[in-house]
Protein chains: 2
Amino acid sequence: MVSTTSEVSAEIEIPEEISGLRMTRQRQEVYRILQSERNHPTANDVFMRVKDRLPNISLATVYNCLEALVQHGIIRQVNFERESSRYCPNLSEHGHFHDEVTGIIHDVDFKSGVNLADMLSLPPGAVIDDIEITLRGKIAIS
Amino acid sequence: MVSTTSEVSAEIEIPEEISGLRMTRQRQEVYRILQSERNHPTANDVFMRVKDRLPNISLATVYNCLEALVQHGIIRQVNFERESSRYCPNLSEHGHFHDEVTGIIHDVDFKSGVNLADMLSLPPGAVIDDIEITLRGKIAIS
DNA sequence: GCCGATATCAAGAACTATTCCAATTATTAC
DNA sequence: GTAATAATTGGAATAGTTCTTGATATCGGC
């Protein structure tokens, strides 16, 4: 049994397997939290929230689950400076704006037609596998 | 006495104070290493190299020096994933290309006339203080 | 040049995020 | 149902960095 309609609000159905990864109960719940709270939580944030539903889960398992989900391309791991890693279910290519005042992290999409690699003087022969863009700043009061 | 011409090759003259920071012997030597070896070394790399000239320096002092230099805008701290921080004397706005095969980090300049913020759908009112661009990939054999 | 105030340094302990390990439990394939 | 495999747990271990404390060096005023 995966879930019933009698459970808490906004239930998200998660299949038993995603891109070859067996979705155990723990992985489902970890994934569900990332889906419902798009706050870019840390492993510890996820751990504290997932305990409501799986009181016996360990932090190591949360790390394992997050790693498995990242490895299978189901979520993304995001790092700011040397702070704790954060996790993000938004798979579209995007950057992150880190509000220095509130600490909130906003996803930032590229405007259509933008190809970032064209803007850069890359070393000759460079083949890009991944791009990461992080902005830090404030949001002016309007 | 800061240095003499009899010392090792490619001596770099460093003033006694840079942007309000007192340049102690330790800070000078740390800075000198960053200037002469543009490898984006880690704190530990710097520590090992600086011991040639200051055998009694401690790792904590290297961290302190690097922090002071970063805080005064004399060098930049660069982070990849959650690896050790690396340090970089290149103050011009630039990104980093991380070669996954060799581990070498290449500075990547923006092509002239590019304003990155224009390419992004930022949250309304966002004021950017800092942009960080990291690319990961390989360099194709030519 | 001397003296108190301040800044820096050194050494090691402490801290934190993360990973590793060994034992247990769950799941799958047959 | 059983053996093989994979996942989970809890605690120990690790690595990078920061903190603490006492010693040392530097600065500003006299």
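A quick note: this is a predicted structure, and the numbers were derived from the prediction, not measured.
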Let's go through B:Phe110 and A:Leu120 carefully: what are the C-alpha distance in whole Å and the side-chain angles of both, what is the deciding distance for side-chain contact (heavy atoms from CB on, under 4.5 Å) to 0.1 Å, and is it a yes or a no? CA-CA 5 Å; B:Phe110 298 122; A:Leu120 303 168; 3.2 Å; yes

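- Of all heavy-atom pairs spanning A:Leu69 and A:Arg27, the tightest one is CD1-O, 4.3 Å.
- Side-chain polar atoms of A:Thr42 and A:Asp45 form a donor-acceptor pair below 3.5 angstrom.
- Rounded to whole Å, atom P of D:dA7 lies 16 Å from atom CG of A:Leu54.
- Across all non-hydrogen atoms, the minimal contact from A:Tyr87 to A:Ala43 is CE1-N, 4.0 Å.
- If you check D:dT26, D:dT8, D:dA7 against the side chain of A:Gln26, the one that comes closest is D:dT8.
- Distance B:Asn56 CG to D:dA23 P: 17 Å, rounded to the nearest Å.
- Residues from residues 61-90 of chain A placing a heavy atom under 4.0 Å of any atom in DNA chain D, listed by number, are A:Thr61, A:Asn64, A:Arg82.
- Rounded to whole Å, the distance from CZ on B:Arg22 to P on D:dT24 is 17 Å.
- Contact record, B:Val50 with B:Val30: CG2-N, 4.3 Å, taken as the closest heavy-atom pair.
- Among pairs with a residue in residues 126-135 of chain B, those fulfilling side-chain hydrogen bond (donor to acceptor under 3.5 Å, both in side chains) read A:Arg136-B:Asp130, A:Lys138-B:Asp129, at least two apart in sequence or across chains.
- In plain terms, the two heavy atoms of A:Ser19 and A:His72 that are nearest each other are O-CD2, 3.2 Å.
- Taking for each of A:Leu59 and B:Leu21 the nucleotide of DNA chain C with the nearest heavy atom, the 5'-most of the two is the partner of B:Leu21.
- A sub-4.0 Å separation between OP1 or OP2 of D:dA7 and a side-chain N or O of A:Arg27 is present.
- A 4.0 Å heavy-atom criterion places the boundary nucleotides of DNA chain C facing chain A at C:dA17 to C:dT28, written 5' to 3'.
- By the neighbour-count criterion of 12 heavy atoms within 6.0 Å, atom CD of B:Glu93 is sparsely surrounded, having that number or fewer from other residues, nucleotides or ligands.
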